[in-house]
Amino acid sequence: MINWNNFDTLSSVSTLEKAEKVDLVKVMSGESGAERVKKYSVPMAGNLTYNYAAKEVDDTILEGLKKLAEEAQLTEKYEALYNGEVINTGEKRMVLHQLTRGQLGEKVEADGVDKREFYKKEQQRIADFANKVHSGEIANAKGEKFTTVVQIGIGGSDLGPRAMYLALENWAKKNGTFKMEAKFISNVDPDDASAVLNSVDVAHSIFILVSKSGTTLETLTNQSFVMDALKKAGLDPAKHMIAVTSETSPLAHSDDFIEAFYMDDYIGGRYSSTSGVGGAVLSLAFGPEVFAQFLDGAAAEDKLATNKDLLKNPAMLDALIGVYERNVLGYPSTAILPYSQALSRFPAHLQQLDMESNGKSVNRFGEPINYVTGPVIFGEPGTNGQHSFYQLLHQGTDIVPLQFIGFKNSQLHNDVTIENSTSQQKLCANVAAQIVAFACGKADDNKNKNFEGGRPSSIIIGEELTPAALGALLAHFENKVMFQGFVWNINSFDQEGVQLGKVLAKKVLAHETEGALAVYSQLLNI
């Protein structure tokens, strides 16, 4: 039987609170540090490794985290999720994004259909469509091939797919699978749509409108913006647009689209990169085979997350170390620091994934809680961040846990040797140096140059950022967020916090305002 108990009622929490804190400077210095780096490491899918040697944990604390995982029934709750129980209590829905990439457990049925078969069918429809676009069977009015795909969406319909596209763009070009350039329109600011439209040849562009409900204000506004541009170019918008939406939305059977592909209510936007939301744009850009490799990497990492042994379950381990940092050590934020330019937008995606999921102050039953939950997430790729906000990370008054991501090889394998080392070696040297600098610090009589150290970090290391590695990386963080939500007894799968602003914005546009809202509307000339 699964019990959904608040974090502060778990006996293992008090054990962790009483445990002696780790002196990170001491344990990471000298030979003991070398041994830790070798010891505190766990394999991931996609030829990745999660190394947590520079975290403030030792065998005693890890044993406490094991007991926390058992008491919070994390394995059992994950199993309930992928077997189709109603885990999203706020919206009374199942949570099925793992099912888009594989069957972990029992057959899941909803709406009268086998949901795994539904997702596979939509993936095949997308693959067939993409292949026809690439061959020229589906073309513009003049019979010319489409050369660019433009995704119109916001939130999870933009951040994840955009981050995934940028992550694989260079890899696909190097490996001969690059089919079409992709662009993204998200912000309702007209300058966003204008800039994208000015950068493409609309006559050879195919547009993907992504909206589950078919009613998203920003997305529909941008659809109208694009349709107007197509008409002004003498083109029929219906021959240049496809939709990714639910079967019950007004977009599903509209004559405004070449084709519509379907998603459902069981996959939240921020979890939808492995659904048709990411599938359509990534399959058009790189080919269905590359998207399939991406799904395989995610599926393999999902499988690892079922392991009951905490030290062999990288997502659960990462999650519980994060809970320890947040709730016992009191650290309010986490920085995501990929040492890979291809992952330039990955921190932005993880910001939504984590903060929209676990930014909650009531439990899964709607009751107020008395403990902190999700951290503030931010980040930029290295080495750019080193010359930006690392000052605060090294010497600021707050300790910010760090999650580095690094790869031994670049995607393009196009490098140059300067001063006896390549650019990639310089990149990797920087991330290795930062981990040790943050952990060990450096004493100096000049207090302005003194580094106290004791700043914890982990690193995910890979051979190269491939589609499978990217899928594993995505699934790792999705599962990390899920496990943390389970520990905190919150619902990580709804997002009521984004709704109020939408409601008030509609009142502003309808001129149904009063008080401060009315004055702000006047100040903005609405």
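Nothing fancy with the numbering, it's 1 onward along the sequence. Keep in mind it's a predicted model, so treat the numbers as computed, not measured.
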Exercise. Return yes when atom OH of Tyr371 has more than 12 non-hydrogen atoms of other residues, nucleotides or ligands closer than 6.0 Å, and no otherwise.
Key: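 Counting other residues, nucleotides and ligands, OH of Tyr371 exceeds 12 neighbours.
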Classify the side-chain pair [X]/[Y] by whether it contains a donor and acceptor separated by less than 3.5 Å.
X	Y	answer
Glu56	Tyr331	yes
Ser492	Ser357	no
Trp4	Asn363	no
Asn313	Tyr50	no
Asn88	Asn491	yes
Asp296	Gln293	no
Gln495	Arg270	yes
Gln403	Asp318	yes
Gln98	Asn479	yes
Gln434	His394	yes

[atom1] of [X] to [atom2] of [Y]: how many Å apart, nearest 0.5 Å?
X	Y	atom1	atom2	result
Leu159	Ser186	CG	OG	7.0 Å
His511	Leu509	NE2	CG	7.5 Å
Asn222	Ile154	CG	CD1	7.5 Å
Glu259	Ile242	CD	CD1	8.0 Å
Asp192	Asp158	CG	CG	8.0 Å
Phe346	Leu166	CZ	CG	12.5 Å

Self-check item: Test log, rule side-chain contact (heavy atoms from CB on, under 4.5 Å), inputs Ile152 and Val226
Solution: CA-CA 9 Å; Ile152 307 169; Val226 169; 3.8 Å; yes
Practice problem: Measure centre to centre between the rings of Phe486 and Tyr78, then say whether the value is under 6.0 Å. | Solution: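 No: the rings miss the under 6.0 Å criterion.
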Return yes if some donor-acceptor pair links the side-chain N/O of [X] with the main-chain N/O of [Y] below 3.5 Å, else return no.
X	Y	value
Asn327	Val372	yes
Ser272	Gly269	yes
Asn6	Asp8	no
Thr9	Asn5	no
Lys212	Ser249	no
Gln123	Thr100	yes
Arg326	Thr373	yes
Lys77	Asn3	yes
Gln103	Arg116	no
Thr245	Ser211	yes

Quick check: do [X] and [Y] have side-chain heavy atoms less than 4.5 Å from each other?
X	Y	value
Arg364	Ile490	no
His349	Arg162	no
Tyr119	Thr274	no
Pro347	Glu380	no
Lys179	Phe286	no
Phe404	Tyr339	yes
Val200	Lys183	yes
Val487	Leu320	yes

Exercise. Report the C-alpha distance between Val149 and Met180 in whole Å, list the side-chain angles of each, state the deciding distance to 0.1 Å, and finish with yes or no for side-chain contact (heavy atoms from CB on, under 4.5 Å).
Key: CA-CA 7 Å; Val149 54; Met180 303 171 68; 4.2 Å; yes
Quiz item: Has Lys121 got its NZ or CZ under 6.0 Å from the middle of the six-membered ring of Phe118, at an angle within 45 degrees of the ring axis?
Solution: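 So Lys121 doesn't make the cation-pi contact.
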Quiz item: Would Lys480 count as a cation-pi partner of Phe483, with NZ or CZ less than 6.0 Å from the six-membered ring centre and within 45° of the ring normal?
Solution: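 Negative - Lys480 is either too far from the ring of Phe483 or too far off its axis.
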Closest contact, heavy atoms only, [X] versus [Y]:
X	Y	answer
Glu71	Ser12	OE1-OG, 2.6 Å
Thr513	Ser521	CG2-OG, 4.1 Å
Phe225	Ser194	CZ-OG, 3.2 Å
Leu220	Gly214	CD1-O, 3.4 Å
Pro237	Leu230	CA-CD1, 3.8 Å
Pro456	Ile399	CD-CG2, 3.6 Å

Exercise. Go through Asn384 and Tyr390 one step at a time and tell me if the side-chain hydrogen bond (donor to acceptor under 3.5 Å, both in side chains) criterion holds.
Key: CA-CA 10 Å; Asn384 298 37; Tyr390 277 36; over 6 Å; no
Quiz item: Do the ring planes of His97 and Tyr271 sit parallel (below 30°), tilted (30 to 60°) or perpendicular (above 60°)?
Solution: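 Parallel.
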Practice problem: Please step through side-chain contact (heavy atoms from CB on, under 4.5 Å) for the pair Tyr82 and Thr306, ending with a clear verdict. | Solution: CA-CA 10 Å; Tyr82 62 68; Thr306 67; 3.8 Å; yes
Quiz item: Pick from Lys360, Arg93, Gln499: which one makes a side chain to side chain donor-acceptor pair (under 3.5 Å) with Asp494?
Solution: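 With Asp494 as partner, side chain to side chain donor-acceptor pair (under 3.5 Å) holds for just one option, Lys360.
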Quiz prompt | Verdict with reasoning, Glu218 to Asn187, per side-chain contact (heavy atoms from CB on, under 4.5 Å) | solution = CA-CA 7 Å; Glu218 296 96 331; Asn187 200 330; over 6 Å; no
